[in-house]
Amino acid sequence: MNKKETVIPQHIAIVMDGNGRWAKKRFLPRTYGHKRGVDSVRRTIRACDKQGVKYLTLFAFSSENWQRPEEEVSALMSLFMSALESEAKSLAANGIKLSFIGDTQAFPEKLQQKIRQVERLTREGTALSMRIAANYGGRWDIVNACRHVAQQVSEGGLAVEDISEDTLRASLSTQDVVDPDLFIRTGGEKRISNFLLWQLAYAEFYFTDTLWPDFDEKQLELAIQAYSRRQRRFGKTGEQIEQQSQESSAGKIPSSRKAPPTGTKSA
Ligand code: FPP
């Protein structure tokens, strides 16, 4: 493909799967795979920033991951702690804004403090804005949003007939970010696993057999190239989208009639 045609997604969301299998293939403990997974996280942040991706959301720990063996859960908590400790300054220095989505109150107090500290330290970042989904579940997010909307109704601040998609969207944990354009899952499975259920409504899906510790800049480029070849229709026909893009490049239609933003064209 001509490099000029590469479309960079504004927001990429990733399910980082395959750490355990990566380790098992090498007769190593699963936790070793998670450690190598942190290296992939670092590489991916750098690569996304370099490519001009604006938002990155990584699924680090699902609401269901508590069911894993106790020692694996505790190793993951320690790993989050040490990764945050070692990366905080470099994230801030590179303008990466880091925040967490999910019910982090269930985490050990020290980890919660570290999370708040890193969020504070990086909050002025204007390069890549990154979210880590931790103790996160898409259903949990939607239920929370419904509770928030119900609260507004019960306090008289909102009429039932005024509840809209926008009302709900504004109550989700991702209220301050555009929906993902590209969803990537490594490790060969083809499912969402209760990730951003609402937010992925119109995302393009990319599945790769590559295990997360092997995911690198090249792999990210392949995913972005696959994304670039997709035609995002948002319910319209392919012909309508073609016509719109011709009219739009000829400057004939106002931007309000165009399909929702699909990312920016790279040089
Ligand atoms: C899934 O692989 C991976 C996880 C549940 C943990 C992911 C966490 C990291 C990569 C660390 C990230 C750290 C920060 C600070 C963001 P799996 O264990 O399910 O692999 P398997 O399917 O091969 O068993």
Side-chain angles (χ1 to χ4, degrees), residues 12-49 55-92 94 96-104 106-108 110-119 121-122 125 128-138 173 183-196 207-216 219-220:
I12 299 182
I14 308 182
V15 171
M16 311 179 284
D17 197 12
N19 294 345
R21 277 166 287 158
W22 185 94
K24 202 172 165 198
K25 269 168 67 176
R26 290 161 178 79
F27 305 102
L28 293 165
R30 291 176 55 82
T31 49
Y32 195 80
H34 295 315
K35 275 191 193 145
R36 294 299 293 264
V38 176
D39 298 336
S40 292
V41 169
R42 202 178 296 115
R43 277 199 300 269
T44 303
I45 295 171
R46 230 176 263 148
C48 281
D49 193 30
Y55 307 100
L56 173 67
T57 305
L58 301 176
F59 206 2
F61 193 86
S62 75
S63 322
E64 293 75 30
N65 283 153
W66 295 108
Q67 297 167 50
R68 293 194 170 202
E70 209 181 309
E71 71 258 29
E72 183 170 341
V73 170
S74 128
L76 276 168
M77 296 299 136
S78 308
L79 193 61
F80 295 151
M81 189 76 185
S82 62
L84 290 174
E85 265 163 5
S86 63
E87 303 301 324
K89 282 196 181 128
S90 145
L91 291 172
N94 287 289
I96 313 287
K97 181 176 175 177
L98 176 64
S99 54
F100 279 72
I101 54 170
D103 187 7
T104 51
F107 289 150
K110 276 196 161 166
L111 180 55
Q112 291 186 49
Q113 282 172 15
K114 183 52 73 182
I115 288 172
R116 287 194 288 269
Q117 191 193 345
V118 179
E119 285 182 333
L121 187 73
T122 63
L128 180 72
S129 170
M130 178 186 162
R131 277 155 198 77
I132 293 182
N135 196 20
Y136 177 87
S173 64
F183 165 88
I184 300 174
R185 182 174 185 139
T186 61
E189 310 291 353
K190 293 180 179 61
R191 48 179 177 257
I192 309 186
S193 296
N194 197 18
F195 196 21
L196 303 159
F207 298 100
T208 169
D209 289 338
T210 301
L211 303 174
W212 178 248
D214 292 327
F215 194 83
D216 58 13
Q219 297 290 325
L220 182 77

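As the structure lists them, so they are numbered: ligands from 1, and atoms in each ligand from 1.
- Here CG of Leu84 is found 6.0 Å from CD1 of Ile132. Values are rounded to the nearest 0.5 Å.
- Residue Arg30 touches ligand 1 through its side chain alone, judged by heavy-atom distances below 4.0 Å.
- Contact analysis leaves Gly187 out of contact with ligand 1, as no non-hydrogen atom separation drops below 4.0 angstrom.
- Closest to atom 3 (C) of ligand 1 among all protein heavy atoms lies Met16 O, 3.2 Å.
- A salt bridge links Asp39 to Arg36: one of the charged nitrogens lies within less than 4.0 Å of a carboxylate oxygen.
- Ring pair Tyr32/Trp22 is parallel by interplanar angle, where below 30° counts as parallel and above 60° as perpendicular.
- Looking only at heavy atoms of the protein, atom 4 (C) of ligand 1 is closest to His34 CE1, 3.8 Å.
- Side-chain atoms of Lys114 and Gln117 form a donor-acceptor pair, as typed in the model, at a separation below 3.5 Å.
- Aromatic ring orientation, Phe107 versus Phe80: tilted (interplanar angle from 30° to 60°).
- Contacts between Asn65 and ligand 1, counted as non-hydrogen atom pairs separated by less than 4.0 Å, involve the side chain only.
- The side-chain heavy atoms of Met16 and Ser40, taken from C-beta on, include no pair separated by under 4.5 Å.
- Within the 4.0 Å heavy-atom shell around ligand 1 one finds Arg68.
- If you look at Asn19 next to ligand 1, the close heavy atoms, those under 4.0 Å, come from the backbone and the side chain alike.
- No donor-acceptor contact under 3.5 angstrom links the side chains of Ser173 and Arg131, judged on distance only.
- Qualifying salt bridge (Lys or Arg N to Asp or Glu O under 4.0 Å) partners for Arg21, counting only residues two or more places apart in sequence or in other chains: Asp17.
- Of the protein's heavy atoms, Val38 CG2, 3.8 Å lies nearest to atom 11 (C) of ligand 1.
- The shell of residues lying under 4.0 angstrom from ligand 1, judged by heavy atoms, excludes Leu58.
- We find the CZ-OG distance between Arg46 and Ser90 to be 7.0 Å, quoted to the nearest 0.5 Å.
- The single protein non-hydrogen atom nearest to atom 14 (C) of ligand 1 is Phe80 CD2, 4.0 Å, given as residue, atom name and distance.
- Counting only heavy atoms of the protein, atom 16 (C) of ligand 1 lies nearest to Ile132 CD1, 3.4 Å.
- Of the inter-residue distances, the one linking Ile14 atom CD1 with Trp212 atom CH2 reads 4.5 Å to the nearest 0.5 angstrom.
- Considering backbone and side-chain N/O atoms, Phe59 never comes within less than 3.5 Å of an N/O atom of ligand 1.
- For atom 15 (C) of ligand 1, the nearest protein heavy atom (residue, atom name, distance) is Ala83 CB, 3.7 Å.
- Note: no N/O pair closer than 3.5 Å links Ala60 and ligand 1 by distance alone.
- Applying the 4.0 Å criterion to heavy atoms of Arg21 picks out, from ligand 1, the atoms 21 (P), 22 (O), 23 (O).
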